[in-house]
Protein chains: 2
Amino acid sequence: MVDPQRLHGHILMRTRSQDVTDTLRGWILNGTLAAGDRLEEIPLATRLGVSRTPVRSALTALSNEGLVDYQPKRGYMVRQFDASEVFAAYEVRAAIEGLACRLAAANGVPADVEGKLRSCLAQGDRVLSKGRLEAADYEPYQLMNITFHNTIIELSGNSWVDRFVSQTHAVPFVSDRIILWHDYPVILRSHDDHHRITNALITGQGARAEDLMREHVYFAGLFLKENFHMIRQNPQWAA
Amino acid sequence: MVDPQRLHGHILMRTRSQDVTDTLRGWILNGTLAAGDRLEEIPLATRLGVSRTPVRSALTALSNEGLVDYQPKRGYMVRQFDASEVFAAYEVRAAIEGLACRLAAANGVPADVEGKLRSCLAQGDRVLSKGRLEAADYEPYQLMNITFHNTIIELSGNSWVDRFVSQTHAVPFVSDRIILWHDYPVILRSHDDHHRITNALITGQGARAEDLMREHVYFAGLFLKENFHMIRQNPQWAA
DNA sequence: CCGCCCATACATGTATACATGATGCCCATA
DNA sequence: TATGGGCATCATGTATACATGTATGGGCGG
């Protein structure tokens, strides 16, 4: 991926609007701002030490991302996502990431990408070989999982796949960054999917890779749905 | 669908920012603003008779929609979509609308929705029964086609499907609004797909409906790709 | 006592002034 | 002549003042 900071030899500026957007998105995703909270421009501007302008810009952006609801002259509100909407996002993700696998298999897997995938597999194997999960393993495993999925998406060469999957990630609870740690066998099986998907990709079995990925993502959504209420109440159980 | 103009008994205001956004989007989609054109705030503001503020707001929104490229301190540019990117959008649309069919079939088709679909079929049959296409038929056929697809998307009950398909439509040339009229047999076959899809939906054949819709949309993309250069040069051939 | 209406307070929408970084020209120098 | 640095210009980023629609609360009528 091209470094988005550099282009034409210039170091692209980072504007306050972008910073504020990222900050507010973070606050929404990590729960600092709860669903239903009103987002008032002046208090936010004061809190962030900027004027209303970048705040308004950020709210517009977040509204376009779908994270906040907007009504003219009535302001912005942190959007409420219920379980069915979150699950619906996984359904779509399953279809799109399945497509990504099919395309990736058709494109063929270059040696360096194969190495990257195998490295993800090895890392997951290492973590899971202990027969249980420890807190220290959460973050590395998350990163591995993100890398694995992103690698395939990138390999698909379809920018829309990337764009839409990114959008589904920008929703509380819908993310590879969310993993439920309390059920070791589920994670074990999930990582076994990674093995089979990699195998299918490398051997050019596009349809098989697609089916595997669809189920892989779909089940993650199903599992999340079943545990949704629990997670809402105890966000620390997910990471 | 709920009337977005009304909520809580209020008639929602329309802001200049929204008007400007819609105007500029229109100018981009209909070619008034060509790919690669720089979008400068002050000239646009002058041209539209507003200040820079709503223009900036609109440009931010269009940037989030992906219609314009943005680089901090360097401004906005109408995005260039090449043939491969346009085709990539159809690939994704095919996967998502296929999913919509599967979900719709699983949900079951209420009588009124079935009536709507059958009415679309009948209208298409009527237009095509003449054995050729006349200019006067373009717009009704387009509207029928849009209605048909939207009905299924709505029936899927998955808001993300709706959202993502809408996003792919907001790209020059990727739209049910674009139909290539010069090849009657292709349209005839396309409408035959509509018949089979409806049949599959009503009889609850989710997998069949999905496969049919995937191919239906995929082929539209393929056909567009093959004729892309022609259309670029003669936009009037598409409608 | 309840409900409606209007006035006032306030948040958001818009315009504009000011700050800052990008672009391009000019000229000095190799 | 080609190249590179510095300065002027201008578009964009931000702050703030002003305009306008919304919502709350108190008073009036039923």
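A note on names: the letters A, B, ... follow the listed sequences, proteins ahead of strands, and every chain is numbered from 1. Only heavy atoms go into these numbers, but all of them, side chains included; no hydrogens, no water, no symmetry mates. All values reported here derive from a predicted model rather than from experimental measurement.
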Does [X] put a side-chain nitrogen or oxygen below 4.0 Å from OP1 or OP2 of [N]?
| X | N | answer |
| --- | --- | --- |
| Arg52(B) | dG13(D) | no |
| Thr53(B) | dT14(C) | no |
| Tyr70(B) | dA11(D) | no |
| Arg74(A) | dA23(D) | yes |
| Arg56(B) | dG13(C) | no |
| Arg16(A) | dA19(C) | no |
| Ser17(B) | dT14(C) | yes |

| said: Does Lys73(A) contact dT22(D) through a side-chain donor or acceptor facing the base, at a distance under 3.5 Å? | reply: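 Donor-acceptor pair under 3.5 Å: no.
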
| Which nucleotide in the set dA15(C), dA11(C), dT14(C) lies at the smallest distance from any side-chain heavy atom of Val50(B)? |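 Taking heavy atoms from C-beta onward, the closest nucleotide is dA15(C).
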
| message | So Tyr70(B) and Met77(B), do their side chains get closer than 4.5 Å, heavy atoms only? | response |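 Not in contact.
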
| When all nucleic acid strands are considered with a 4.0 Å heavy-atom cut-off, which category describes Leu44(B): base, sugar-phosphate, or nothing? |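 Leu44(B): no heavy atom of the nucleic acid under 4.0 Å.
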
| request: Have a look at Leu39(A) and say if it touches a base, only the backbone sugar-phosphate, or nothing, with a 4.0 Å heavy-atom cut-off. | output: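 Contact class for Leu39(A): sugar-phosphate only.
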
Rounded interatomic separation in angstrom, taking [atom1] from [X] and [atom2] from [N]:
| X | N | atom1 | atom2 | value |
| --- | --- | --- | --- | --- |
| Glu41(B) | dA22(C) | CD | C1' | 14 Å |
| Arg14(B) | dT20(D) | CZ | P | 19 Å |
| Leu48(A) | dT14(D) | CG | C1' | 14 Å |
| Met77(B) | dT12(D) | CE | P | 13 Å |
| Ile42(A) | dC18(D) | CD1 | C1' | 13 Å |
| Gln71(B) | dA11(D) | CD | C1' | 14 Å |

| request: Before giving the answer on salt bridge (Lys or Arg N to Asp or Glu O under 4.0 Å), spell out for Arg14(A) and Asp22(A) the whole-Å C-alpha distance, their side-chain angles and the decisive distance to 0.1 Å. | output: CA-CA 11 Å; Arg14(A) 245 195 109 58; Asp22(A) 293 341; 2.4 Å; yes

| query | Do we get Arg47(A) above Trp27(A)'s six-membered ring, with its NZ or CZ under 6.0 Å from the centre and within 45° of the axis? | reply |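 Because its charged atom sits under 6.0 Å from the ring centre and within 45° of the axis, Arg47(A) does stack over Trp27(A).
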
| query | For dA30(C), which nucleotide is its Watson-Crick or G-U wobble mate, given both distances must be under 3.5 Å? | reply |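 Base-paired to dT1(D).
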
| said: Ring-plane angle category for His149(A) and His194(A), please: parallel below 30°, perpendicular beyond 60°, tilted otherwise. | reply: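 Plane angle over 60°, so perpendicular.
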
| query | When Phe87(B) is tested against each of Phe223(B), Tyr218(B), Phe228(B), Phe219(B) for ring-ring contact (aromatic ring centres under 6.0 Å, His included), which residue passes? | reply |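 Single ring-ring contact (aromatic ring centres under 6.0 Å, His included) partner of Phe87(B) among Phe223(B), Tyr218(B), Phe228(B), Phe219(B): Tyr218(B).
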
